[in-house]
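Following: one structure in structure tokens, then a few remarks.
Order of the sequence lines fixes the chain letters, A, B, ..., with proteins taken first and strands second; residue numbering starts at 1 for each chain.
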Amino acid sequence: MPRAASVSQPDPAAAAQVLRLRRRAEFLRAARGRKHAAPGLILQAYLRRADDPGTAIRAGFTCSKKVGNAVARNRAKRRLRAVAADLLPTLGHQGWDYVLIGRRDVTANRPYRALQNDLRAALARVHGRPG
RNA sequence: GCGGAUGGCUGGAUGGUCGCGGUGCAGCGCAUCGAGGAAAGUCCGGACUCCAUGGAGCAGCGGCGCCGGGUAACGCCCGGCCAGCGCAAGCUGAGGGAUAGCGCCACAGAGAAGAGACCGCCCCGGGCCACCGGGGCAAGGGUGAAACGGUGGGGUAAGAGCCCACCGCGGUCCGGGCAACCGGGCCGGCAUGGCAAGCCCCGCCGGGAGCAAGGCCAAAUAGGGAUCGCGCGGGGCCUUUGGCCCCGGGGGCUGCUUCACCCCCAGCAGGUCCGGGUUGGCUGCCAGAGGUCCGCGGCGACGCGGGCCCAAGAUGAAUGGCCAUCGGGGGCGCACGCGCCCUGACAGAAUCCGGCUUACAGGCCAUCCGCACCG
RNA sequence: GGGUGAUUAGCUCAGUGGUAGAGCGCUUCGUUCACAUCGAAGAUGUCGGGAGUUCGACUCUCUCAUCACCCA
């Protein structure tokens, strides 16, 4: 499966910029939205309303201390950032906030392709479309 | 060759591609830099900042503790001493004072600190001789973690530093050493149990809080309430409101006292608390007790001089994702000068240094010791 | 990042060098037709882990771990 397939498909305008969630309140709001737990990660998604206009896709990454020590938590968050940077510009919906949560041992060790598929499936599940 | 001891280093490499953070260039973009030996625990020591500043003394509290040296400093390091362990190389030690004082030493045991006689030993007297009474003794047994010097000999009724030799202990003198301490002589005749990570004594050190310290800017709100402390005289100058200066007094000066200096004294300022708002940006924030090489001094820690190098500054927090090759380790097959698969230690900067402690797969280097073999 | 405190029975806590305790809970028996109450008896511990000091450590010292709280 050549990686070029995912890059050529959308037009550049649709590939919106992905901003970063920075505030605790934004994380808490996303936690009240739609959720799906995939083997390699947990996805939370929330559609911003008129209170916060804008069409940007935003994403945040987090790991609890259950994931492990600082090395394990940072490694999980880096892999989540990598997979989100790969897929969210094309598969994410404008105006939505996403929070990706790392899972103990799995997020750091799962093959990258499987992790990509986990995010694809989770996005499809959250947006109500069949995988 | 086998086994062991000590000290030090390293702890994947290269390339491609897509990305992230900082810096520079006016800009597309390009260039360049981007985790550790422990970045960790926060156990010590500092730098720095605030408590207004700098000293002196006292008290309390805390820490340290063989001796000498190193250092900005230390509870760290180096060298030495003593004690214990080891055949040895070496390792370990909070290692001042127990005749300054107080306290504690459970149980057991006769007795646990100027003590004491349970089993006993010896002498005298008596006797219905399985014993009783009086006296002497502390060597032996027993208890205990520890029993009031140890071993041997003399001595004695039995014994005892009662006497003697050696050892220990204490005092003193001499020699060596900067010192801790070591060696030797003489005297004492035992008067000296352990615990100071119990109180304490002696010596030395230490004010408190910490970069979420602290400073600046912007935005926003009702610029609010409570409380603490001070609650002044005289004189002079300037053009009045008012301001400034001098003398005296009072207050602040973060345990107390005190000295110097500074500030304040009727204003709207200061300290604390409550309520409300903001949960933004800049700075502190990276060239330093820095690293490395050479020379000199020193046993060494380290110091001095010279040359060269510049090495992350993030803030929901960058340093990554994927792929290939090489190399290390493990497993399997084996056509064993081959192939396949798996794995990658402990762990991620948050103001910065010097230490300590703890975690750590594998690899490398140097020095030394013991045993065996060869010459 | 920095600073404090705690860890003892299933739970909440005492215990400041000398055989580890209280209350609640638990088990069994009694009382009752039965349950609760009440009464009687009983079980329960690597004192968070590891070193050191001491004859002897829950206690004193060091070290590691875990948990909780505070800050602009």
- Task: Please list, chain by chain and in numerical order, all residues satisfying side-chain contact (heavy atoms from CB on, under 4.5 Å) with A:Leu47, sequence neighbours excluded.
- Result: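 Partners of A:Leu47 by the side-chain contact (heavy atoms from CB on, under 4.5 Å) criterion, ordered by chain and then number, come out as A:Trp96.
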
- What residues, two or more places apart in sequence or in another chain, satisfy side-chain contact (heavy atoms from CB on, under 4.5 Å) together with A:Ala108?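 Once residues adjacent in sequence are excluded, the partners of A:Ala108 under the side-chain contact (heavy atoms from CB on, under 4.5 Å) criterion are A:Arg75.
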
Using the [atom1] atom as the reference point in each nucleotide, state the distance between [N] and [M] in Å, no decimals.
N       : M       : atom1 : value
B:rC51  : B:rG255 : P     : 15 Å
B:rC9   : B:rC296 : C1'   : 27 Å
B:rG337 : B:rC342 : C1'   : 25 Å

- Is A:Val106 isolated, or which residues cluster with it under the ILVMFWY side-chain rule of less than 4.5 Å, directly or via members?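 So far as hydrophobic clustering goes, A:Val106 is joined with none.
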
- Message: Quick one, A:Leu91 and A:Leu119 - any side-chain contact, counting heavy atoms below 4.5 Å?
- Response: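 A side-chain contact under 4.5 Å is absent here.
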
Any [X] side-chain N or O less than 4.0 Å from OP1/OP2 of [N]:
X        : N       : result
A:Arg78  : B:rU319 : yes
A:Arg113 : B:rC323 : no
A:Arg73  : B:rG348 : no

- Inter- and intrachain pairs under salt bridge (charged side-chain N to carboxylate O under 4.0 Å, His left out), touching residues 103-112 of chain A, at least two apart: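 Every pair satisfying salt bridge (charged side-chain N to carboxylate O under 4.0 Å, His left out) with a residue in residues 103-112 of chain A: A:Arg110-A:Asp118.
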
- Task: Kindly state which residues belonging to residues 98-106 of chain A come within less than 4.0 angstrom of RNA chain B, counting heavy atoms of the residue only, listed by number.
- Result: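 Going residue by residue through residues 98-106 of chain A, none turns out to have a heavy atom under 4.0 Å of RNA chain B.
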
- Message: Using a strict heavy-atom distance below 4.0 Å, which residues from residues 30-44 of chain A are in contact with RNA chain B?
- Response: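 Output list: empty, so none.
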
- Message: Hydrophobic clustering (ILVMFWY, side-chain heavy atoms < 4.5 Å, transitive) - are A:Leu80 and A:Leu21 grouped together?
- Response: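 Hydrophobic grouping puts A:Leu21 apart from A:Leu80.
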
- Query: So which one's nearest nucleotide on RNA chain B is more toward 5', A:Ala72 or A:Lys77?
  - Reply: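 Looking at the nearest nucleotide for each, A:Lys77 comes out on the 5' side.
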
- Message: Here's a test of your reading of the structure: between A:Asn69 and A:Arg79, which maps to the more 5' nucleotide of RNA chain B?
- Response: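 Mapping each residue to its closest nucleotide by heavy atoms, the 5'-most match is A:Arg79.
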
Side-chain donor/acceptor pairs under 3.5 Å, residues 64-73 of chain A, sequence neighbours excluded:
from	atom 1	to	atom 2	distance (Å)
A:Ser64	OG	A:Lys66	N	3.1
A:Asn69	OD1	A:Val71	N	3.3
A:Asn69	OD1	A:Ala72	N	3.1
A:Arg73	NH1	A:Gly68	O	2.9

- Specify the separation, in whole Å, of atom CZ of A:Arg75 and atom C1' of B:rG344.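 Value for this atom pair: 12 Å.
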
Using residues 34-44 of chain A as the side-chain source, report each donor-acceptor pair under 3.5 Å to any protein atom, sequence neighbours left out, with the distance given to one decimal.
from	atom 1	to	atom 2	distance (Å)
A:Arg34	NH1	A:Val126	O	2.7
A:Lys35	NZ	A:Ala31	O	3.4

- Anti versus syn assignment for B:rU23, with syn defined as within 90° of 0: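 Anti, since the glycosidic angle lies more than 90° from 0.
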
- With sequence neighbours excluded, tell me which residues meet side-chain hydrogen bond (donor to acceptor under 3.5 Å, both in side chains) with A:Asn74.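 Testing A:Asn74 for side-chain hydrogen bond (donor to acceptor under 3.5 Å, both in side chains), a comparison that skips the adjacent residues, returns none.
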
Please produce a list of atom pairs where a protein N or O lies less than 3.5 Å from an N or O of nucleotides 349-351 of chain B.
none

